[in-house]
Enquirer: 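After the structure tokens below, expect a handful of questions from me.
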Amino acid sequence: MGKIVRAKWGKVVLMSAITTDLVEEARRIHNTNPPATAAVGRALTGLALYSMVFRESAVRRIVMQFMVEGPIGEITVETNMKGHFRAYVRNPDPAYRIKDAKLPVGEVVGNGHLYVYKYLEEGIYQSVVPLISGEIAEDIAYFVYKSEQIPSAFALGVLVDEYGRVKAAGGLWAYLEPGATEDEIKLLEERFQHIESVSKLVDAGLDNLALLNTISRNYTVVDEVSVEYRCWCSRESVAEALVSLAASDRQKLLEEDKVEIRCRYCGKTYTFTRDEIEQLFLEG
Ligand SMILES: [Zn+2]
């Protein structure tokens with residue numbers, strides 16, 4: 001189980017995330033190689049932090065989709081706003097070159113766009129920005145700046161062990177509320193510039209409060225929430241997706257004795273017999 005803590009420090013909203021278990025579960029399900037693990041883990045952690053802003057709002061689901069030209073192809077991360085997160089990665093084993101100790105996230109992601117979808121009762125809000133670096137943290141910060149006009153800084157990190165498993169993952173996010181002074185902006189920029197790798201701090205045993213202390217010691221905790229990798233797919237949602245297929249695709253399904261649909265987020269397989277499919281199409 002991971003945790004996010006939200007705190008306030010003057011006009012600064014500070015958030016900290018420890019997401020080691022969440023990111024390790026994503027790695028286990030998708031069997032990602034180290035740079036893909038880091039890319040997906042940063043995206044999940046960034047979404048976990050960003051979604052805190054909408055906790056008490058009418059937003060029911062947030063999707064961040066990185067459609068990219070790098071060998072990873074696509075990363076999609078989602079939350080149902082109940083502390084549950086899931087991820088999809090098109091190519092879990094992208095080619096890369098080892099240059100130094102740092103995982104080449106920008107190399108496997110490359111150029112592309114970040115699409116963000118917010119689902120509300122009345123409809124879906126979509127925004128899109130080009131990626132700045134493919135390193136994920138800057139890209140999400142740029143999206144937040146363009147879509148919400150909020151200047152902010154993210155630090156997101158994932159550390160893997162010699163077997164490729166996630167040793168530590170976490171993040172920090174700070175943004176300024178209206179009315180912040182130039183001094184506060186400067187101070188925040190300075191503190192973020194001097195922050196060490198978040199994943200190394202998590203690996204060294206720092207908890208969320210200790211992570212926040214690296215930015216400021218004068219904050220007040222607002223709230224704390226748990227986060228975990230838990231898919232919310234169901235037989236009903238898969239059946240709905242089948243019914244909404246184009247007529248030609250539906251016809252193809254009817255030619256099979258049975259159809260197996262694998263959830264792209266958790267790998268769970270749902271089997272439908274031809275009789276069941278026929279029944280679904282009759283009702284749908
Ligand atoms: Zn699923």
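Whatever order the structure lists ligands and atoms in, that order sets their numbers, starting from 1.
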Enquirer: With a 4.5 Å cut-off on side-chain heavy-atom distances among I, L, V, M, F, W and Y, is there a chain of contacts connecting Val13 to Ile195?
Expert: no
Enquirer: Show all protein N/O/S atoms under 2.8 Å from the Zn ion (ligand 1), or state that there are none.
Expert: Cys231 SG, Cys233 SG, Cys263 SG, Cys266 SG
Enquirer: Please name all residues satisfying ring pair (Phe, Tyr, Trp, His ring centres under 6.0 Å) with Tyr50, sequence neighbours left out, ordered by chain then number.
Expert: Phe54, Phe143
Enquirer: Please determine whether residues Val238 and Leu245 belong to a single hydrophobic cluster, defined as Ile, Leu, Val, Met, Phe, Trp and Tyr linked transitively by side-chain heavy-atom distances below 4.5 Å.
Expert: yes
Enquirer: Is there a donor-acceptor contact under 3.5 Å linking the side chains of Ser226 and Glu228?
Expert: no
Enquirer: Quick check: is Met64 connected to Val129 through a chain of hydrophobic side chains (ILVMFWY, heavy atoms under 4.5 Å apart)?
Expert: yes
Enquirer: For a quick check under 3.5 Å, do Ser51 and Thr79 share a side-chain donor-acceptor pair by atom type?
Expert: no
